[in-house]
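Please read the structure below before turning to the comments.
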Amino acid sequence: MLGTIQVFSLLEKAWSGSPVQFAWQKTLGNFLAVTGGDHAVKVFDRHGQKRNEISLPGNCVAMDWDKDGDTLAIITDKSSAIFLWDANTNKTSQVDSGMRDTMSFLLWSRVGTLLAVGTSKGNLLIYNRQTSRKIPVLGKHTKRITCGCWSTENLLALGGEDKVITLSNQEGDTIRQTSVSSDPSDMQFSVMKTDERMSTRESTVSVVVGKKTLFLFNLNDPDNPIDLKFQQAYGNIVSYRWYGDGYIMIGFSRGYFVVISTHIREIGQEIFQAHNHKDNLSSIAISQSLNKAASCGDSCIKIHDLSDLREMYAIINLDDENKGMLILAWTDDGQLLAVSSRKGSLHVFLTKLPILGDACNTRIAYLTSLLEVTIANHVERELPVTVSVEVEPSFVAIGVYHLAVGMNNRAWFYALGEDNVKKLKDVEYLGTVASMHLNSDYAAALFEGKVQLHMIEGEGLDAQEERETRLFPADDDKYRILCHALTSDFLIYGTDTGLINYFYIEDWQYVNEYRHSVSVRKVFPDPNGTRLAFIDDKSDGFVYCPVNDRLYEIPDFSPTIKGILWEHWPMDKGVFVAFDDDKAYTYVFYKDAIEGSKIIFAGSTEVPFSHKPLLLYNGELTCQTPSGKTSNIYLSTHRFLGNLKDFGPNELTQMLTQTLTLKRFSEAWELCRLLNDQSGWNELAQACLYHMEVDFAIRVYRTFGNAGMVMSLEQVKGIEDHSLLAGHLAMFTGDFNLAQDLYLASSCPVAALEMRKDLQHWDSALQLAKRLAPDQIPFLSKEYAVHLEFTGDYSNALSHYEKGITGNNKDHDEACLAGVAQMSIRMGDIRRGVNQAIKHPSRLLKRDCGAILENMKQFSEAAQLYEKGQYYDKAASVYIRCKNWAKVGELLPHVSSPKIHLQYAKAKEADGRYSEAVIAYEYAKQWDSVIRLYLDHLNNPEKAVNIVRETQSLDGAKMVARFFLQLGDYGSAIQFLVMSKCNNEAFTLAQQHNKMEIYADIISSESATNEDYQSIALYFEEEKKHFQAGKFFLLCGQYGRALKHFMKSPSTEDNLAIEMAIETVGRAKDEALTNQLIDYLMGESDGMPKDAKYLFHLYMALKQYKEAARTAIIIAREEQCSGNYRNAHDVLFSMYSELKTQKIKIPSEMATNLMILHSYMLAKTHIKRGDHMKGARMLIRVANNISKFPSHVVQILTSVVIECHRAGLKNSAFSFAAMLMRPEYRNKIDLKYKKKIEAVVRHPGTTATEEPTTACPYCAFQLPECELLCPSCKNNLPYCIATGRHMVRDDWTVCPRCDFPALYSEFKNMLETENTCPMCSERIDIAHLKKINDCTQYLTPENGDQ
């Protein structure tokens, strides 16, 4: 601990065994007067060196220094003389007191040169040192004067063995006196606190009475003195001291250390108590400058901190002092603490070191003891070097290679070697040096308003060479230098006239001068000397840049600032701290911000008590402490320099703000990466833009994906014009006013105009255009007018539209004239506006002006404009509002809006002009009104009926029904009632007028309800109209009743009742009903079997396809036998198709019969088309199955012979002619052909045309083209429905309707003359015929054995 540093001890033989008394020189504390058991007072300096010894005629009774520490007064027990020693001249003198009795008391005034001396008989002498006047006051006390004190107003209080306290003025007159109960001692003046706290005068005398009580005598209240008593256990009062705001610290003989308050409310109350020493306490001392208190006893000294007495600041053990301590006292500055002992020794301790230190780059020098300086460089990691100096310095300066220490007008210079320090020389200056600075070669000392600049290792101050030394200012300059600084290149100083001068050492001349408004107190250049912080006489701070002669005020600058340190870390060039006793304030100088250079306050950091900052490096403040050490403080603005992973998002966000304030973008990048938050990246990007770090900003914007900003910045980053670039960046950050100022200051001022145009700030743009681009004014005026029109400022909008007319830009002028027209109308100048709009070529303008006029209720003008603009609907609408029907009529052919037609129609109907009204209603599609007019007024029911049929209008149908009812045309009335969904009324009407058949016909074609159908069925049932009853029972789903009525229905030619019965059973899917109908069809019920085709229809309706197929074969056979080949073909075809659809196996008999019948049909077709070969081949196939055609055997065989003969098939003609010559057929041959056939038989042909062969579609075996059974693969081959030949793979198509196969080329050929399919008889469009390349699906033998 600090208090353990012992400066020196004194142990003189002459003092041995006797108590030692001492007194520190007041104010300066440079001398210590000591006396012991010898007849002398010895004077020592503060390092323990004896300076003088004053011999006395007897023992020293008392000694005291005057207020300035210039004179020491001493009295002895053997002389009436007063001994005075002058500290400045080191001479002793005597003053005769004129008193006959011995001296007992001595005390200098605290404010003047008065010395009070008391005698053992109670007499008093007041001696004025300045005037040598003596005032003897006899009988001041009746006994020995033992104690006393002066007040700050030169009142003298005395106490004596007569137990009286007197109060006298400086003339010695007694003002007041009071008696006490016991011997007074240790008397002090002080200010006792009252509730009013109005007086700061020392109005209270405190005195120890009988060593037990503390007596407080208030001069303002003399009748009520206060007697403070203490616990017996504390022992006697040894010593006490006033301090702080009315507090008294008291030391007691038994080691207790107590603090009481003199505040009226808590008077005598113990604030603090400690048993500091076990056995005894001999003295206490307080140092206000140190803010410390000390007590001694039990061979030790204990030091407390006054701000927190519980905290023990230091303990000093003096184990050799076994007889105990005597007196404890501090120097006024608190640097040294002296304690004397009972055995005759004295010890001096260093309690506060003068805080002297200096820094050069990152090297610091600081006082570590009164005669020791330490040099350290923590940044470069150099080991500390200590230098012992000859004198206790009052200033220290460090340079690149040198150290200087000094006091008064002398300085000692030391050269710093690699591992040693050697003294170079000492220099005397022309006055007391206030401060000194060094660089590598020169020293600059400030003394008495002048600065001496000289080489450190030169010849000295009297050197003749020009660059060796120079004194500033020159003789003819009438100013005093108040502060200075020395950089590697410049001497910089500030004067009482506000002048800041830069002296360039290399050229040995002034290079820069700045005049400030008031005197400059302190200057602090940055490491390069390119920026200078200074504090002026008003305690304001500034940064001056000599490069551009600009001054920047430091914001929020505290008036208590003691100094400024610039950041030495190379990356943080613009950072500096200003510090006072309590805090360090961090500032940043922004050199390249968008809005220009500026200084901002970044934050403050607490500085511990009595710490003096020496160096700032990368946010770390190196401070010198009173204990002669250094301590490092991290600035609160640089918290981000720690381990970032230990912090949460909130702290990281605060750190991000700090990094951006300090322009530490790399650290900010790391923080953003850790935060991983869009807003953080955005903040970083904005800061980069603000500081014009364009490349870094691009990197940031690219990281969080803002492509737009990246592209924008890439475009501007190469701009060299600082103002233009700053303008772009200010615009990107949204500070448009600043951007404008920067653009205007740049080489491209028109950019400001472009920006205002893009932002649509037309007012500003117009102002700029007047200066920068007058040709743009019309275009801007037009845009501004549009904006004003939008905001409703029509008057100014009109003015700007008029200003916008150029006379040479057609499109632009038209837009302006359109604006003039609209604004004129809005401003009430309707005639001008309308004329302008009519002249203008734009239809839209006429519409817009029309709309404005319509809102203004100016209908005729509005309609006129609408009409001119060909907005006929709007024009007609407005004409209607002003009842101008004639105009509406004119416009009606152009009007498309039904609403307008309707309004017009109503008006015309009201006027009785029904023909015009009906046309308008038709345009308006108001069909009910049209029907009403045709029926009621125009007497044209046919037209009304047509409209109802076309539009299906319900209300219209009702009107028509009503009309026919009035005419008595009940059938028509019923029809229109049903159409209007009034089924009940229609039914009732049909019943009443016996028109149920009509109603039934109508209702069955409409979608009516089951109830409607049932009511009709019941009606017909009553009327015994079985067919109609059955039909409507079927419609309402009552299948049993329907079947009963159909079976009762008398048979007609088309047997419709049986068909309906079959449909009923098909829908019912009821076995009982099915059996009932089968019995009926078989004739079980009435003995009359019905046609088999009905049974076939029944099976089809029931989806019993196999039974249907069997029935179909039977029917086809019957039809064939009867010669109805077409019917037979159709029955088989429909059955075949149905089975194919249902994916049911087709019986081979059916397939074969269909093929033979189809071949017969084809033969007829081919013969008709004149293709005799194809016809003959088909007829041969039919003739080979002649038994299937019993009705027409002879006719068919005749045809075969004739066709074969025509086709040249002589063998076949002969064989079938021979068959015809059989007896059973011969007589039936038609006489027309008989001779010819006989001739064929008689003269048989020997030539026979070979039938061409084609490939089998299954196995590609070549077989005759009309052969349908492949001898190779034994498959039944599919046949062509157009020719009857078997199919081939590469010429395949199918009928689009029935899906039967055909040869593509043949079928296409046939369709060119015929337009129906020969199989299904459906119409075929040749365009729908498609050739099939892959016919595999048609060759799957799903049809079994055909």
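This is a predicted model, so every value here is computed, not measured.
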Minimal non-hydrogen separation, Asn439 against Ser488, with atom names: ND2-O, 3.8 Å
Heavy-atom donor-acceptor pair, Asp572 side chain to Val575 backbone, under 3.5 Å: no
Reported NZ-to-NZ distance for the pair Lys573 and Lys663, which is rounded to 0.5 angstrom: 10.5 Å
Arg51/Asp45 under salt bridge (Lys or Arg N to Asp or Glu O under 4.0 Å): CA gap, chis, key distance, verdict: CA-CA 6 Å; Arg51 289 305 174 96; Asp45 67 12; 2.9 Å; yes
Validation row: Ile633, Thr605 side chains within 4.5 angstrom (heavy atoms): yes
Interatomic distance, Leu471 atom CG to Leu430 atom CG [nearest 0.5 angstrom]: 6.5 Å
Candidate pair His568 and Val379, rule side chain to side chain contact (heavy atoms under 4.5 Å, CB included), full reasoning: CA-CA 10 Å; His568 276 77; Val379 176; over 6 Å; no
Salt-bridge criterion met for Arg110 and Glu202 (N-O under 4.0 Å): yes
Test log, rule ring-ring contact (aromatic ring centres under 6.0 Å, His included), inputs Phe589 and Tyr552: CA-CA 9 Å; Phe589 179 78; Tyr552 306 95; 5.2 Å; yes
Any donor-acceptor pair under 3.5 Å from Trp108 side chain to Leu114 backbone: no
Minimum-distance pair of heavy atoms, taken over all atoms of Pro546 and Gly529: CG-O, 4.2 Å
Backbone N/O of Lys67 and side chain of Thr27: donor-acceptor pair under 3.5 Å: yes
Beyond-backbone contact of Leu662 with His638, side-chain heavy atoms, under 4.5 angstrom: yes
Close side-chain approach of Asn512 and Asn501, heavy atoms under 4.5 Å: no
Heavy atoms of other groups near Lys423 NZ, more than 12 under 6.0 Å: yes
Leu532 side chain reached by Val543 side chain, heavy atoms, under 4.5 Å: no
Side chain to side chain donor-acceptor pair (under 3.5 Å) between Ser109 and Asn154, worked out: CA-CA 7 Å; Ser109 163; Asn154 264 352; 2.5 Å; yes
Parallel, tilted or perpendicular: ring planes of Phe490 versus Tyr502, cut at 30 and 60 degrees: perpendicular
Test side chain to side chain contact (heavy atoms under 4.5 Å, CB included) applied to Thr661 and Ile600, step by step: CA-CA 8 Å; Thr661 305; Ile600 63 116; 3.2 Å; yes
Pairwise salt bridge (charged side-chain N to carboxylate O under 4.0 Å, His left out) hits with a residue in residues 496-523, at least two apart: Glu513-Arg515
Side-chain heavy-atom pair Leu155, Phe189 within 4.5 angstrom cut-off: yes
Exam field: side chain Gln624 to backbone Leu356, donor-acceptor pair closer than 3.5 Å: yes
All side chain to side chain contact (heavy atoms under 4.5 Å, CB included) counterparts of Pro749, not counting sequence neighbours: Leu744, Leu772
Centroid-centroid distance, His516 to Tyr544, less than 6.0 Å: no
Donor-acceptor contact below 3.5 Å, side chain Ser287 vs main chain Asn291: no
Least distance between heavy atoms, Leu353 atom then Thr368 atom: CD2-C, 3.4 Å
Donor-acceptor pair, side chain of Gln452 and main chain of Ala445, under 3.5 angstrom: no
Pairwise side-chain contact, Met436 with Tyr429, heavy-atom cut-off 4.5 Å (strictly under): yes
Side chain Asp536, main chain Lys538, donor-acceptor under 3.5 Å: yes
Lys612 atom NZ: more than 12 heavy-atom contacts under 6.0 Å: yes
Lys352 with Asp333: basic N within carboxylate O range, under 4.0 Å: no
No-hydrogen, no-angle side-chain donor-acceptor test under 3.5 Å, Asp70 and Trp65: no
Which atom of Tyr617 lies closest to which atom of Pro570, heavy atoms considered: OH-CD, 4.3 Å
Tyr510 and Phe472 aromatic ring geometry - parallel, tilted or perpendicular at 30°/60° bounds: perpendicular
Full working for salt bridge (Lys or Arg N to Asp or Glu O under 4.0 Å) between Asp66 and Lys26: CA-CA 7 Å; Asp66 72 354; Lys26 285 184 189 158; over 6 Å; no
From Asn128, Thr71, Thr131, residue fulfilling side chain to side chain donor-acceptor pair (under 3.5 Å) relative to Thr113: Asn128
Val385 and Thr374: CA distance, side-chain angles, deciding distance, side chain to side chain contact (heavy atoms under 4.5 Å, CB included) verdict: CA-CA 6 Å; Val385 177; Thr374 298; over 6 Å; no
Any donor-acceptor pair under 3.5 Å from Asp526 side chain to Asn528 backbone: yes
Check: Phe31 ring centroid to Trp24 ring centroid under 6.0 Å: no
Residue pair Ile594 / Ala730: nearest heavy atoms and the distance that separates them: CG2-CB, 3.5 Å
Glu380/Arg363 salt bridge by N-O under 4.0 Å criterion: no
Intermediate values then yes/no, side chain to side chain donor-acceptor pair (under 3.5 Å), Arg46 and Gln335: CA-CA 10 Å; Arg46 57 195 282 140; Gln335 283 188 15; 2.2 Å; yes
Sidechain-backbone polar pair: Thr92 side chain, Trp85 backbone, donor-acceptor under 3.5 Å: no
Mutual orientation of the aromatic rings belonging to Tyr587 and Phe601 [parallel < 30°, tilted 30-60°, perpendicular > 60°]: tilted
Minimum-distance pair of heavy atoms, taken over all atoms of Ala485 and Pro525: CB-CD, 3.4 Å
Ring centers of Tyr442, His454 separated by less than 6.0 Å: no
